[in-house]
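This report refers to the structure that appears directly beneath it.
Lettering follows sequence order; numbering is per chain, from 1. Bear in mind that the values here come from a model prediction, so they are computed numbers and not experimental data.
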Number of protein chains: 2
Amino acid sequence: MQISKVKKLFPLVTVDVALFTVVDGGLRVLIVRRENDPAPDKWALPGGILKPDVDKCLDDTAMRVLSSKVAVDVRHLEQVTTVSGAERDPRGWSISTAYYALLAGELVPAVAGASVKAIDWCDPTDLQDRLAFDHEFLLNAALTRLRAKVRQGALPLHLLSQKFTLTDLQRACEAVLGTRLDKGAFRRLIKDEPSLCLLPGEYLRGPQRPAQLFQAATGFQF
Amino acid sequence: MQISKVKKLFPLVTVDVALFTVVDGGLRVLIVRRENDPAPDKWALPGGILKPDVDKCLDDTAMRVLSSKVAVDVRHLEQVTTVSGAERDPRGWSISTAYYALLAGELVPAVAGASVKAIDWCDPTDLQDRLAFDHEFLLNAALTRLRAKVRQGALPLHLLSQKFTLTDLQRACEAVLGTRLDKGAFRRLIKDEPSLCLLPGEYLRGPQRPAQLFQAATGFQF
DNA sequence: TCAATAGTGTCTCTTAGACAATATTGA
DNA sequence: TCAATATTGTCTAAGAGACACTATTGA
């Protein structure tokens, strides 16, 4: 059986990941500059090819892709959608499952690893056709999904450092949603949230009233 | 290149579809009794293998699967999730993208076609381990997605015949959600819904006050 | 007239949004 | 004391839920 024949019978199976973090109060997504074919020198979401002999499932593929780009551990990974077709990748009939992942804001030491010329943390709402393939569509799908979840009341604690104030949390939600939130209303909403764990006696101090510190409750799931 | 080698490098790519309809005011999903390996004689969601030479994308695969089971045209198809792994299908490393589809209530002339011994329209909330593979998981994911959409205010007009009354629509929403809705509140919600098109002078008559008929507005998208 | 369902109105309670007031620190 | 931010409180308008009322037909 020839390779060309195989390529007609089996699609290329890949994974692409939108890794979000918060920098200076703004949401950012990791993009990489491709070294190899196809689309060399073009920007894209970090992605990789499924290795059935290595990956237990596609989630593993996504984790493997991320760990080759980012030194620190990613705290949340969630599947968004699957795109497919003969035209979307010049290598032939392909399938790509898109994920999004969340990274704590301070830790952005991403590295340009193998087959990547450069990286950038860019504003996901302002990409101006920088992305190759259908990655702009995938990124928009990921952002829409993330926003829907936060709008429904999910708390993006994975975007924060381990200990955080309620203002930190509000800023993270605002960064995700792209809108300002009212302080009073926000605090009413999260007042009885079981996923928030108040740290008694621990405060963030500064030239103002100290702010109560919180951490995610054990077993917290975004 | 041997087939066994190919199977280790390329996953099996399939599609499974949860086709919903409403019968006697209750939500139903189509399940089929498998004829062939794997899992012969077991019930499952209708599914099929991707044919890259035939299908333009996975949505096409899903449509092809449905058209082999159901004689009439399916009015809505939406992707739910993608599952993957070496264990979920005995044939080896596999990927399956799950969809749900909606069918107008009266039209349930599904046929037991090729490689299917029998069909059944069963209550999706009461399946008692009838389904093979991980199809119960896929069905639950599909139902959850459908319910979320209706709860957010989407109107499942695709479950209704072309002309319908507001009571018909309320019954369909109730069937999807599995709860009773208040008539007054429901009508308040849909009062200014642009996807509903009142048919002037057209009424459903019976031994009671006639009911105004509606149809989906042109360009309606669920 | 009656049964049956269509369609509308009303009341209350909750909540979101806007905004104000108070609290507590470092400088 | 003052600037700055944390935290809490208040007012209002809009909406959800429950329930009742009126409308219109066939039998």
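Remark: C1' of C:dG7 and CG of B:L213 are 14 Å apart, rounded to the nearest angstrom. For the pair B:Y203 OH and C:dA4 P, the computed distance is 24 Å after rounding to whole Å. Between the C1' atom of D:dA23 and the CZ atom of B:R187 lies a distance of 12 Å, rounded to the nearest Å. Remark: P of D:dT7 and CD of A:Q170 are 11 Å apart, rounded to the nearest angstrom. To the nearest angstrom, C1' of C:dA6 lies 12 Å from CG of B:D168. Rounded to an integer number of Å, the gap from A:L204 CG to D:dT7 C1' is 15 Å. To the nearest angstrom, C1' of C:dG9 lies 12 Å from NZ of B:K191. As rounded to whole Å, 11 Å separates atom P of C:dG17 from atom CG of A:L177.
B:H76 and B:F222 have perpendicular rings, their planes meeting at more than 60° on a 0 to 90° scale where under 30° would count as parallel.
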Requested in this report: Could you check A:V29 against A:W121 for side chain to side chain contact (heavy atoms under 4.5 Å, CB included), going step by step and ending with a plain yes or no?
Outcome: CA-CA 5 Å; A:V29 65; A:W121 291 97; 5.8 Å; no

Query raised in the report: After noting the C-alpha distance and the side-chain angles of A:L196 and A:F164, does the key distance pass the side chain to side chain contact (heavy atoms under 4.5 Å, CB included) rule?
Result: CA-CA 10 Å; A:L196 287 181; A:F164 53 85; 3.8 Å; yes

Report task. Given side chain to side chain donor-acceptor pair (under 3.5 Å), test B:T81 with A:Q79 step by step and report yes or no. Result -> CA-CA 8 Å; B:T81 190; A:Q79 188 189 303; 3.3 Å; yes

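Note on A:T165: nothing from the nucleic acid sits closer than 4.0 angstrom, heavy atoms only.
Looking at residues two or more places apart in sequence or on another chain, you find a side-chain contact (heavy atoms from CB on, under 4.5 Å) between B:T179 and B:L177, B:L181.
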Requested in this report: Report, as a single string ordered 5' to 3', how protein heavy atoms within less than 4.0 Å touch nucleotides 22-27 of chain C: B base, S sugar-phosphate only, - not at all.
Outcome: -BBBS-

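For A:Q208, the CD atom counts as densely surrounded, since its 6.0 Å shell holds more than 12 non-hydrogen atoms of other residues, nucleotides or ligands. Counting heavy atoms of neighbouring residues, nucleotides and ligands inside a 6.0 Å radius, atom NZ of A:K42 does not exceed 12 of them.
With DNA chain D read from its 5' end, the first of the two nearest nucleotides for B:K183 and B:L189 is the one closest to B:L189.
Checked for salt-bridge contact, A:R34 and A:D41 miss the test: no charged N lies under 4.0 Å from a carboxylate O.
A salt bridge (charged side-chain N to carboxylate O under 4.0 Å, His left out) with B:D120 is found for one member of B:R130, B:R33, B:K69, B:R28 and no other, namely B:R130.
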Every protein N/O lying under 3.5 Å from an N/O of nucleotides 9-14 of chain D:
residue : atom : partner : partner atom : Å
D:dT10  : O4   : A:R188  : NH1          : 3.4

